[in-house]
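Let me begin by presenting the structure, written as structure tokens, before commenting on it.
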Protein chains: 2
Amino acid sequence: MSCSKILQEKGYRLTPQRIMVLDALHSVDQHISAEEIFEKVRARYSYANISTIYRTLELLKELGLVSEIDLGDGRIRYHSAEKGHHHHLICSKCGNVIDLEEHILFPLKEILLNDYEFEADLKHLAIFGLCENCRNVK
Amino acid sequence: MSCSKILQEKGYRLTPQRIMVLDALHSVDQHISAEEIFEKVRARYSYANISTIYRTLELLKELGLVSEIDLGDGRIRYHSAEKGHHHHLICSKCGNVIDLEEHILFPLKEILLNDYEFEADLKHLAIFGLCENCRNVK
DNA sequence: TTAAATGCAAACGCTTTGCAATTGA
DNA sequence: TCAATTGCAAAGCGTTTGCATTTAA
């Protein structure tokens, strides 16, 4: 079911601003920051306001329609839940981001559940380190 | 070798402020925020200034003497490198932090190195999710 | 019609920076 | 002595909030 439908079913209003935030989220494959969403929305509707963007993202987060990730640059990034989970290897030196398939972390998830009774929310994990290039340059 | 010695050897001045920041870092077992370090330092020297704390932490980070972790509450926390590595399971609901032994992530580190040529810096990883209590309450 | 949502402006919390004064080596 | 370091104040940045106005249902 579409995000718009879910919002309406839960009794939230489907405002143009919310639609445009959802469009922005769906228009990219990677994660996108609030500021970037704001730019995309503002290109279509110049009166757009960043606090509405944040409030919409907060709502979508509560409903589980988007997930957050911190790529270490001091701003939160967002990703439509519909697009599935994946993880990121972030090079501390060059900033390059390598996507990691979800299943890589399944064994870890198992261990945490069995040994620690901890249900890890491994939707979009960020792992920092050195990428192939930067390891060799070093 | 002690942090103080390392600072001096590298040609950095061993100021009272830097000594007090190191003391603060060594006085706790867990991670500590810049603000908390500031409070500890200020208790000893009331003219202490938070920008000096940040500048000292920046320096210690560059020298690899402290590592950072983001526990998801919007502030960076610091930990003396001397105290070794460990990881954290953070409950998204109650905020409880469970320490995780370092070796749990060795297999993952291996895979990332072999399959992705990525040298993961798994010093202090933060994994979010639900702790035992909160899973059951839900 | 009316509670929910928005726009605006201001505040917030953590962190960084410019600059003059101080100080460790 | 003198470059490195500090203190101070102010700014920077991403994010949140209070409140009057607008609007989807």
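Because the structure is a prediction, the values reported are computed rather than measured. The analysis underlying the following values was restricted to heavy atoms, covering all of them including side chains, and did not include hydrogens, waters or symmetry mates.
Between atom CG of residue B/L89 and atom CG of residue B/N96 there is a gap of 9.5 Å, rounded to the nearest 0.5 Å. Rounding to the nearest 0.5 Å places CG of B/L105 at 14.0 Å from NZ of B/K123. The OG1 atom of A/T56 sits 11.5 Å away from atom CG of A/L65, with the distance rounded to the nearest 0.5 Å.
No side-chain heavy atom of B/L59 sits less than 4.5 Å from a side-chain heavy atom of B/R55. With a 4.5 Å cut-off on side-chain heavy atoms, B/T52 and B/V21 do not count as touching. No side-chain heavy atom of B/L125 sits less than 4.5 Å from a side-chain heavy atom of B/L100. Counting heavy atoms from C-beta on, the side chains of B/L7 and B/L22 come closer than 4.5 Å. Between A/C131 and A/I98, some side-chain heavy-atom pair lies under the 4.5 Å cut-off. Within the 4.5 Å cutoff, the side chain of A/L130 has no heavy atoms near those of the B/D121 side chain.
For A/E117, the salt bridge (Lys or Arg N to Asp or Glu O under 4.0 Å) partners two or more places apart in sequence, or in a different chain, are B/R135. The side-chain contact (heavy atoms from CB on, under 4.5 Å) search around B/E110 returns B/N114, not counting sequence neighbours. Residues satisfying the side chain to side chain donor-acceptor pair (under 3.5 Å) test with B/E58, not counting sequence neighbours, are B/K61.
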Which pairs of donor and acceptor atoms, one on a side chain in residues 10-20 of chain A, lie under 3.5 Å apart (sequence neighbours left out)?
{"residue": "A/T15", "atom": "OG1", "partner": "A/R18", "partner atom": "N", "Å": "3.2"}
{"residue": "A/R18", "atom": "NH1", "partner": "A/R13", "partner atom": "O", "Å": "2.8"}

Quiz: residues 75-86 of chain B side-chain donor-acceptor pairs under 3.5 angstrom, not counting sequence neighbours:
{"residue": "B/R77", "atom": "NH1", "partner": "B/E36", "partner atom": "OE1", "Å": "3.4"}
{"residue": "B/R77", "atom": "NH2", "partner": "B/D73", "partner atom": "OD2", "Å": "3.1"}
{"residue": "B/H79", "atom": "NE2", "partner": "B/D29", "partner atom": "O", "Å": "3.4"}
{"residue": "B/S80", "atom": "OG", "partner": "B/H26", "partner atom": "NE2", "Å": "3.3"}
{"residue": "B/S80", "atom": "OG", "partner": "B/E82", "partner atom": "N", "Å": "3.3"}
{"residue": "B/E82", "atom": "OE1", "partner": "B/H26", "partner atom": "NE2", "Å": "3.1"}
{"residue": "B/K83", "atom": "NZ", "partner": "B/H26", "partner atom": "O", "Å": "3.0"}
{"residue": "B/K83", "atom": "NZ", "partner": "B/V28", "partner atom": "O", "Å": "2.8"}
{"residue": "B/H85", "atom": "ND1", "partner": "B/E102", "partner atom": "OE2", "Å": "2.9"}
{"residue": "B/H86", "atom": "NE2", "partner": "B/H88", "partner atom": "NE2", "Å": "3.4"}

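Of the residues in residues 72-79 of chain B, those placing a heavy atom less than 4.0 Å from an atom of DNA chain C are B/G74, B/R75, B/I76, in numerical order. Less than 4.0 Å separates DNA chain D from at least one heavy atom of each of the following residues of residues 38-65 of chain A: A/S51, A/Y54, A/R55. Residues from residues 24-32 of chain A with heavy atoms under 4.0 angstrom of DNA chain C: there are none.
The ring pair (Phe, Tyr, Trp, His ring centres under 6.0 Å) analysis of residues 97-119 of chain A, with sequence neighbours excluded, yields no pairs.
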Steps toward salt bridge (Lys or Arg N to Asp or Glu O under 4.0 Å) verdict (A/D23, A/K40):
CA-CA 9 Å; A/D23 286 349; A/K40 282 181 182 291; over 6 Å; no

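Think of the region where chain B sits on DNA chain D: with heavy atoms and a 4.0 Å cut, that region ends 5' and 3' at D/dA3 to D/dC8.
Overall, the helix from C/dT1-D/dA25 to C/dA25-D/dT1 carries an axis bend of 30° between its ends, with five pairs at each end and the value rounded to 10°.
Residues A/H124 and A/H87 place their aromatic rings such that the two centres sit no closer than 6.0 Å.
B/D70 has its CG atom 12 Å from the C1' atom of C/dC14, to the nearest Å.
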Any N/O pairs under 3.5 Å between the protein and nucleotides 22-25 of chain C? List them or say none.
{"residue": "C/dT23", "atom": "O2", "partner": "B/R13", "partner atom": "NH1", "Å": "2.9"}
{"residue": "C/dG24", "atom": "N2", "partner": "B/R13", "partner atom": "NH2", "Å": "2.9"}
{"residue": "C/dA25", "atom": "OP1", "partner": "B/L14", "partner atom": "N", "Å": "2.9"}

